[in-house]
Amino acid sequence: MRKKLMVLIHDIDPFIYLKGLECLDYEIDVIYTEPQNPAMSAIFNNWLKVTTLKTQSVKGLESIYELAEKIGREKNIDGILSFNEFMTEPVAEIAQNLNLPGNSVQAVKAVQNKYLQRMKLKEYQVPSAKFHLIREESDLAAASQSIDFPAVLKPAFGSGSYHVYDIENMEQLREVYKTKIKSYSNYLNKEKELFLLEEKLIGANFYHTEGYGDYVSVESMVYKGKINHICVCDKTPLAPPFRETGAILPSVLETDKQNEIYEVASKAIKALGLTNGPVHTEIKLTEHGPKIIEVNARAGGAMPIMLQLCSDYDIPKEAAKITVGEEPKSKATFKGYGSSFFFHEESVSEKEVESIDGVEEARAIQGIHTLVCLKKPGDKILADLGMRSLYSFAYTFGNTSVECLEQYKKIKETIKVSYKIGSVEHV
């Protein structure tokens, strides 16, 4: 009998995440929220014309969860799958209610709440940053006594560097907490808005070539507690304060360095109790060895398309197998290098886009698979929003990692963004 799989998607490219699922001999139902962004709506409309999967749309996230559990019970599904950060906990709850394979709700909660995550990592002695919980303004003094400056202020719930701040001293900590935090909203769940003051991990150079950052990510697939690391992914240097600018895989680090990174990632995954599905672990490279930045109970945002570009590994397809109780492929075979690059205004002050030029010229650069412009004249850009502040992103393929770095450089040089601050224009 064919396995029955339900897939929930919201505001992600179905060509990237669902293409590989069509070759599985499963009965698949896709429920998706109707895109609000015109560009994403156009992508969905094109996908709906060609997909062989059964689809159903809903207006919002609350509707998707109710419908999923209802249909899941009626059809007696074998597994449920999602890819978004804020869907991981509701989907874990549905899987638990329907007695389906997946991570426990407790484990997912511990991962999404960065305070609980840090507590678990500390309990199991996994190398990570020191931290102090901030519930309200009165906790700032104690936090500053516990954590040395410079430090990092971040929300317990969030992703994509949303409202993450580089803090140099107590005066700045008080100012940021009083002014910036007012605009923070916990979009992941309905938990109380909590913050952490964390030790700022100081990076070390592990590379022999310029252009790489001081942190990496590890893409892993976990099946019934067995951890298979697919690859280490190199990163380009962050835009201030902590915004990702690029990723290239597979890593060019020496094998012994990668094994050291894998060991720390495995310890973190086990400490957090993750047993089924993809895991994305971000790790700082320090002179004292790799240290955990954070662990996510999902694939890294651009990792599926990057692996599809340069290897035979399809994360969504293998994740689908896990959700119905089948063992996934354990290794990737690479034919080159896949990358994703994110383009930001590097200033942390708010700016208004005046014009964006050179996009079509950038798309013509050799090796560019996809280049999307996200902003238009009149749009605001603010670093507080983290990855939501980027004006463009690209996916590329190269025969070498250095070739990918060159593509990144060429795109930055080609796309010209001018900004208007008050009556003064900046380029």
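Atom set for the values below is all heavy atoms of this structure, side chains included, hydrogens, waters and symmetry mates excluded.
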Handout entry: Aromatic plane relationship, Y212 with Y207 - under 30° parallel, 30 to 60° tilted, over 60° perpendicular
Key =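 Parallel: the ring planes of Y207 and Y212 meet at under 30°.
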Problem - Whether Y32 and W47 hold their rings parallel, tilted or perpendicular, with breakpoints at 30° and 60° - result: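 Perpendicular, since the angle between the ring planes exceeds 60°.
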Gap separating the [atom1] atom of [X] from the [atom2] atom of [Y], nearest 0.5 angstrom:
X: E260; Y: L253; atom1: CD; atom2: CG; value: 10.5 Å
X: L272; Y: K120; atom1: CG; atom2: NZ; value: 8.0 Å
X: K154; Y: L194; atom1: NZ; atom2: CG; value: 14.0 Å
X: M303; Y: S217; atom1: CE; atom2: OG; value: 4.0 Å
X: I248; Y: S339; atom1: CD1; atom2: OG; value: 5.5 Å
X: T281; Y: E294; atom1: OG1; atom2: CD; value: 9.5 Å

I need the minimum non-hydrogen distance between [X] and [Y], along with the two atoms involved.
X: N103; Y: V108; result: CB-CG2, 3.8 Å
X: I415; Y: V359; result: CG1-CA, 4.4 Å
X: Y17; Y: P316; result: O-CB, 3.1 Å
X: A394; Y: I411; result: CB-CD1, 3.9 Å
X: S128; Y: R118; result: OG-NH1, 2.6 Å

Exercise for the section: Evaluate side chain to side chain contact (heavy atoms under 4.5 Å, CB included) for Y65 paired with M87, printing each intermediate quantity in order. Expected result: CA-CA 9 Å; Y65 302 135; M87 279 186 161; 3.4 Å; yes
Verify whether one side chain among [X] and [Y] offers a donor that lies under 3.5 Å from an acceptor in the other.
X: S138; Y: E136; value: yes
X: Q407; Y: T396; value: yes
X: E403; Y: S401; value: no
X: H344; Y: E244; value: no
X: Q112; Y: T88; value: yes

Exercise for the section: Mark yes or no for whether N296, through its side chain, and R298, through its backbone, hold a donor-acceptor pair below 3.5 Å. Expected result: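 Such a contact is absent between N296 side chain and R298 backbone.
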Problem - Charged tip of K257 within 45° of F206 ring normal and under 6.0 Å - result: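 K257 over F206 ring: yes.
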Side chains of [X] and [Y], heavy atoms from C-beta outward: is any pair under 4.5 Å?
X: L249; Y: Y337; answer: no
X: I261; Y: V216; answer: yes
X: P101; Y: T323; answer: no
X: F397; Y: H369; answer: no
X: E34; Y: K59; answer: yes
X: Q308; Y: D314; answer: yes
X: E282; Y: H280; answer: yes
X: V7; Y: L21; answer: yes

Exercise for the section: Please check if the distance between the ring centroids of Y262 and H229 is under 6.0 Å. Expected result: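 Between Y262 and H229, the centre distance is under 6.0 Å.
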Exercise for the section: Kindly state whether the ring of F83 and the ring of H10 have centres lying under 6.0 angstrom apart. Expected result: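 Between F83 and H10, the centre distance exceeds or equals 6.0 Å.
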What I want to find out is whether [X] reaches [Y] closely enough, with some N-O distance under 4.0 Å, to be called a salt bridge.
X: K267; Y: E263; value: yes
X: E345; Y: K351; value: yes
X: E198; Y: K114; value: no

Can you establish whether the number of heavy atoms outside [X] located under 6.0 Å from its atom [atom1] is more than 12?
X: N99; atom1: CG; value: no
X: Q366; atom1: CD; value: no
X: E123; atom1: CD; value: yes
X: K329; atom1: NZ; value: yes
X: K321; atom1: NZ; value: yes
X: E168; atom1: CD; value: yes
X: K130; atom1: NZ; value: no

Exercise for the section: Report the C-alpha distance between I356 and C373 in whole Å, list the side-chain angles of each, state the deciding distance to 0.1 Å, and finish with yes or no for side chain to side chain contact (heavy atoms under 4.5 Å, CB included). Expected result: CA-CA 9 Å; I356 300 182; C373 185; 3.7 Å; yes
Handout entry: Evaluation steps, ring pair (Phe, Tyr, Trp, His ring centres under 6.0 Å), between F393 and Y391
Key = CA-CA 7 Å; F393 68 86; Y391 60 79; over 10 Å; no
Exercise for the section: Give the intermediate values and the outcome of ring pair (Phe, Tyr, Trp, His ring centres under 6.0 Å) for residues F343 and Y408. Expected result: CA-CA 9 Å; F343 302 93; Y408 174 50; 5.6 Å; yes
Practice task
Apply the test side chain to side chain contact (heavy atoms under 4.5 Å, CB included) to residues Y215 and I293: give CA-CA distance (whole Å), side-chain angles for both, the deciding distance (0.1 Å), then the verdict.
Solution key: CA-CA 9 Å; Y215 76 112; I293 298 173; 4.0 Å; yes
Practice task
Dump the intermediate steps for salt bridge (Lys or Arg N to Asp or Glu O under 4.0 Å) on E352 and K380, then the final yes or no.
Solution key: CA-CA 4 Å; E352 179 181 329; K380 299 292 195 303; 3.8 Å; yes
Exercise for the section: Please step through side chain to side chain contact (heavy atoms under 4.5 Å, CB included) for the pair I31 and L67, ending with a clear verdict. Expected result: CA-CA 8 Å; I31 307 178; L67 182 62; 4.1 Å; yes
